[in-house]
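Remarks on the structure that follows.
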Amino acid sequence: NAGVTQTPKFRVLKTGQSMTLLCAQDMNHEYMYWYRQDPGMGLRLIHYSVGEGTTAKGEVPDGYNVSRLKKQNFLLGLESAAPSQTSVYFCASRKPGTSFNEQFFGPGTRLTVL
Amino acid sequence: EDKVVQSPLSLVVHEGDTVTLNCSYEVTNFRSLLWYKQEKKAPTFLFMLTSSGIEKKSGRLSSILDKKELFSILNITATQTGDSAIYLCAVTSGSRLTFGEGTQLTVNP
C-alpha cells in the first residue's frame, strides 16, 4: 500500500512554461484535494474532487486546472507558470463518510518558477 | 468566507517550558477543528475536536475547543527540542478544510 504519492518531488520551471503534477492513491478514496503552502502560511485549497469525473474550485483556483479521469489519479495543471506559483504542493485523499482526521497527505512537490 | 487565525505566528522557548497556541475561527457550518504538526514535510494529524469543553490529550499535548467563543488552544507541557515544528489549526465545514497560517514553534536546548 503506497498511500498517496506525488510526482515529481521537485521541479524548476521558467515563467510561461506548463507542467502537470500527478497525485495517485491506491486506497480507493473518492475524495481528493490539491493544496498549496507558501512560507509562513497554512495550506490553501486549490481544487478538489469528490469523485471520478468531477472537480470543484477551492480557495485559490486561479492559474490552475485539474482533471480526475481515473478515480486513483488527480492531476494539477499549470498552463503558464508564474513566479507567484512557486510553492509546495500537497495532495490529499480520504473516503466519503470519514472525517478529515482520516485524510491522507502525499509527501509534497516543491515547485520553483523562475 | 471561512477564516482561521492562529497566534502567535512564531514562538521561541527553552526546553521544559509550557506553551499555549491559539486558534480562532469564523466558519459557516462548523463541523470540527483539527490540529496538525508539520516538520518540513506533510502535516501530521494530532487532534480532532468537535465538542466544547472536552479536552483531548496525548502525552504532553492537550487541546480543548470552545464553540461559543469560537476558539481552541493547544498546550504543550515540558517542551522538548523535538517539538520544534509548525503547528497548524484547521476547521472543517462541508467537505472542505480551511487552515490557519500556523505557529512556528522553536524549542531551544
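Letters A, B, ... are given to chains in the order of the sequence lines, protein chains preceding strands, and every chain is numbered from 1.
Considering only heavy-atom pairs separated by less than 4.5 Å from chain B, the leading option among A/Glu59, A/Gln37, A/Arg94, A/Gln103 is A/Gln37. Per-residue heavy-atom pair counts under 4.5 Å with chain A were compared for B/Asp2, B/Leu88, B/Leu97, and the maximum is reached by B/Leu97. Counting heavy-atom pairs closer than 4.5 Å to chain A, the top-ranked of the candidates B/Glu1, B/Gln104, B/Arg96 is B/Arg96.
Electrostatic pairing of B/Arg60 and B/Asp83 counts as a salt bridge here, judged by a charged N lying under 4.0 Å from a carboxylate O. Salt bridge absent: A/Glu52 and A/Lys70 never bring a charged side-chain N and a carboxylate O closer than 4.0 Å.
For a residue to count as touching a neighbouring chain, one of its non-hydrogen atoms must lie under 4.5 Å from one of that chain's; by this rule B/Gln6 does not touch chain A. Contacts of B/Leu9 with chain A are absent, with no heavy-atom separation under 4.5 Å from either backbone or side chain. Contact of B/Tyr36 with chain A is made through the side chain alone, with heavy-atom distances under 4.5 Å. Of the atoms belonging to A/Tyr48, it is side-chain heavy atoms, and not backbone ones, that fall under 4.5 Å from chain B. The part of A/Leu45 that comes within reach of chain B is its side chain, from C-beta onward, which places non-hydrogen atoms under 4.5 angstrom from that chain.
For B/Lys41, the NZ atom counts as loosely surrounded, since its 6.0 Å shell holds 12 or fewer non-hydrogen atoms of other residues, nucleotides or ligands.
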After noting the C-alpha distance and the side-chain angles of B/Thr20 and B/Asn75, does the key distance pass the side chain to side chain donor-acceptor pair (under 3.5 Å) rule? CA-CA 5 Å; B/Thr20 298; B/Asn75 278 322; 2.5 Å; yes
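Ring geometry for A/Tyr89 against A/Tyr64 counts as perpendicular: the plane angle is over 60°, on a 0 to 90° scale with 30° as the lower cut.
Remark: the B/Thr50 side chain and the B/Ser32 side chain contain no N/O donor-acceptor pair separated by less than 3.5 Å.
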